[in-house]
Amino acid sequence: MARITKLEDIVSLCKRRGFIYQSSEIYGGLASCYDYGPLGVELKRNVRDAWWKRVVRMRDDVVGLDCSILMHPLVWKASGHADKFADLVTVCKKCNTRTRVDHLTDHAEEHTEHVAIETAMTDAKNLDKKVCPACRTVGRFTEPMAFKLMFETQMGANVDDTMTLFLRPETAQGIFANFRNVLDSTRVKVPFGIAQIGKAFRNEVTTKAFIFRTREFEQAELEFFCEPGTDEEWYEHWKQARFDWYLDLGVKKENLRFRDHDPDELAHYAKACVDIEYKFPFGSGDWQELEGIANRTDFDLRQHQRGMRTLNSWYETKGDLGSIELKEEAEDYHKGPLSFFDEQARKRYIPYVIEPSAGIDRSTLAFLVDAYDEEEVRGETRNLLRFHPELAPVKVAVFPLVKKDGLPEIARNISDDLKRHFTCFYDQKGAVCRRYRRQDEAGTPFCITVDGQTKDDNTVTVRDRDSMEQIRVGADGLKAYLLEKLGV
RNA sequence: GCGGGCGUAGCUUAAUGGUAAAGCACCAGCCUUCCAAGCUGGCUAUGCGGGUUCGAUUCCCGCCGCCCGCUCCA
C-alpha cells in the first residue's frame with residue numbers, strides 16, 4: 001500500500017528520484033515553474049508519446065499538427081481570450097473571502113463564465129448591493145482587481161518597431177487557424193480530427209499546488225470535426241476513448257472518474273463538457289481534473305470567420321486590439337472560408353467540434369503517484385513504482401552479478417545491443433540486490449543479470465519488478481522476449 | 001492578492017545566542033554468486049538580504065519559495 005498522504009510527500013518523492021525539481025532552485029526558485037529531471041523527462045515524454053500514438057497514429061481519422069506558440073493577435077480577439085478572459089476579483093472585507101465579481105449576486109442572477117471587461121468594470125462599480133457568498137455581508141468589498149490572463153511579449157528587435165504578441169493560452173486555436181490548411185493539403189474528410197501537443201501559458205489568479213496549476217504548462221489537445229447532428233455521438237465516443245486511455249496505461253480504476261459539468265457551469269459556447277478526474281491521495285479536494293472533454297459546437301470556426309473579416313480594422317487601428325470590434329457574422333456564414341463541403345451529400349456546413357483537452361503535466365504526475373507503492377519484503381520496506389511498461393522511464397537494467405570473471409564485458413555487450421530498442425541502464429556497482437531495489441524505485445520493469453552460468457550456457461536471468469521472480473532466458477532470444485513482455 | 005503554517009546536507013530529522021548532530025542516500029576502496037549484508041575512508045546544510053548583539057542558524061524586519069484555504073482550471 002502506498003503511504004503518500006500529503007502533497008509534500010509527492011514533492012519530496014519527485015525531487016529525490018529526479019523526476020521534478022523546482023525551477024531556478026539555486027536562485028531561490030521561481031514561483032509556479034518546475035523542471036523535469038532525468039527520470040521525469042523520460043516519463044513525461046512517454047506520456048506524450050502514448051497520447052500521440054493512441055490519438056493520432058492508431059487512428060485513420062486524426063492527423064497531427066505542431067503550431068508556433070506565437071500567433072497573430074487577431075486569433076485571440078476572435079477566440080475571445082483578448083477581451084473576455086479578464087476576470088475581476090474582489091475580496092470581502094468582513095470574512096476575507098475572495099470572489100469573482102461576476103459571481104457576486106444581489107438577487108437570483110444568471111451565471112456567466114466570462115464577461116466582457118467593460119461590463120465587468122461597470123458592474124464592479126456597483127458592489128454596494130452585492131452579497132458576499134461566504135458570509136452574506138452586503139457591500140463590503142475591496143476594489144476589484146483585474147488580471148491579464150495572457151502573457152504578453154514583444155516581437156521585433158528594433159525597439160521602435162515592435163509588436164505586442166501573446167503566448168498562446170491554449171493550443172486549440174492554432175488548430176482552428178489551420179483547419180483550412182489541413183483540409184486543403186491532405187485528403188481528410190469530416191469526420192476527422194487534428195491533434196497537437198505543446199506548451200500553453202496562462203496567468204492564473206493563483207497557482208500553487210505543485211504542478212497541478214502552473215502558469216506554463218503542456219497540453220495535449222484534439223479538435224475533432226464532425227457534422228452537426230453527429231456531435232453527441234462523437235462526444236460519447238471520445239469521452240469513453242479518453243477514459244480508457246488512462247485505464248489502459250495502468251491507472252487504478254477506483255482513482256478515476258467522470259465529472260459532468262452542470263449546465264450553468266458550461267462556457268457559453270459549449271454544449272456539453274465532462275472532466276476526467278484523478279483522486280490524488282492527499283488532503284481535501286483530492287479529486288483533480290486531468291482532462292476536459294467539451295462539445296464546442298461550431299463556435300470557434302465561426303468566430304475565426306469573423307476574425308478574418310476584421311483584418312482591415314486591424315490595419316486601420318495599427319493593431320490596437322482594444323479599440324477594434326470583431327466584425328459581425330456574415331449571413332451566409334455556413335458557406336464561409338472555414339466551412340466544409342461534403343461532396344457525397346452535396347452540402348456545406350461549419351463542422352461541430354469535440355475537444356478532448358488533456359494536461360500532460362497533470363497526467364504525468366497522476367501516473368507517477370498512481371504507480372507509487374511500498375511493500376514489506378523480509379521485514380524491509382520495498383519502495384517501487386509500478387509503471388506500465390510503456391510509461392516506465394527505463395525499460396531494462398543490465399547487471400553483471402559481480403564485477404569480475406569477465407561478467408561486466410558480457411553484460412555491457414547485452415546492454416549495448418538492447419539500447420537500440422528501448423531505454424536501457426547498465427550498472428555494475430555494489431551488491432546486486434541493492435541494484436535491483438534501485439531500479440524498483442525508478443520503476444524499471446525488468447532487470448537482466450549476467451552470472452557464472454551465462455558463460456556455460458549463454459542464458460541470463462530476467463527479474464520481474466512486480467513479482468521479483470526470476471527466470472532464465474537464452475541471451476539470443478532475450479531481445480524478442482523483452483519486446484514481447486514490454487509490448488513495445 | 002488575503003489569511004494560516006513552513007524553510008537546517010540529495011532526502012528524513014536533531015540541536016543551539018558561543019566549534020551545527022545523526023540515519024538514509026551518494027562517491028572511492030575492500031569483501032561479495034541473486035533481493036537494501038559488512039568494513040574503511042570521503043563529499044554535502046542553517047533560502048536570500050538587512051537589523052539587534054562582542055557573537056545570530058536561533059531574536060526582529062524585508063524579500064524569495066513551498067504547503068493549506070479562498071479563487072481558478074489543462
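- Residues from residues 236-250 of chain A that place a heavy atom under 4.0 Å from any atom of RNA chain B: there are none.
- An OP1 or OP2 oxygen of B/A36 is reached within less than 4.0 angstrom by no side-chain nitrogen or oxygen of A/R382.
- Partners of A/F225 under the ring-ring contact (aromatic ring centres under 6.0 Å, His included) rule, at least two apart in sequence or in another chain, are A/F179, A/F192.
- Take A/F176 and apply the ring-ring contact (aromatic ring centres under 6.0 Å, His included) test, not counting sequence neighbours, and it matches no residue.
- A/D35 meets the side-chain contact (heavy atoms from CB on, under 4.5 Å) test with A/S23; sequence neighbours excluded.
- A search for ring-ring contact (aromatic ring centres under 6.0 Å, His included) contacts involving A/F224 returns A/W234, A/W238, not counting sequence neighbours.
- Stem analysis of RNA chain B (at least three stacked-register Watson-Crick or G-U pairs, each with both distances under 3.5 Å) gives B:1-7 with B:64-70, B:10-13 with B:21-24, B:26-30 with B:38-42, B:47-51 with B:59-63.
- Closest approach to the A/N383 side chain among B/C26, B/A36, B/A74 is made by B/A36 (side chain taken as heavy atoms from C-beta onward).
- Among the nucleotides B/C35, B/C67, B/A28, the one closest to the side chain of A/K429 is B/A28.
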Atom pairs, protein N/O to nucleotides 29-34 of chain B N/O, distance under 3.5 Å:
from  : atom 1 : to     : atom 2 : distance (Å)
B/C34 : O2     : A/Y436 : OH     : 2.7
B/C34 : O2     : A/Q470 : OE1    : 3.1
B/C34 : O2     : A/Q470 : NE2    : 2.4
B/C34 : N3     : A/Y436 : OH     : 3.4
B/C34 : N3     : A/Q470 : OE1    : 3.4
B/C34 : N4     : A/D451 : OD2    : 2.8

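- Both A/D464 and A/G29 lie close to RNA chain B; mapped to their nearest nucleotides by heavy-atom distance, the more 5′-ward contact belongs to A/D464.
- With sequence neighbours excluded, the residues satisfying salt bridge (charged side-chain N to carboxylate O under 4.0 Å, His left out) with A/D248 are A/R54.
- Across A/A411 and A/P400, no two heavy atoms sit closer than the pair CB-N, 3.8 Å.
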Every protein N/O within reach of nucleotides 11-13 of chain B N/O, cut-off under 3.5 Å:
from  : atom 1 : to    : atom 2 : distance (Å)
B/C11 : OP1    : A/K15 : NZ     : 2.8
B/C11 : O3'    : A/S12 : OG     : 3.2
B/U12 : OP1    : A/S12 : OG     : 3.4

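- For A/N255, the side-chain contact (heavy atoms from CB on, under 4.5 Å) partners are A/K252, A/Y278, A/K279, A/D370, not counting sequence neighbours.
- Legend: residues meeting ring-ring contact (aromatic ring centres under 6.0 Å, His included) with A/F151, ordered by chain and number and at least two apart, are A/F201.
- A/R17 meets the salt bridge (charged side-chain N to carboxylate O under 4.0 Å, His left out) test with A/E441; sequence neighbours excluded.
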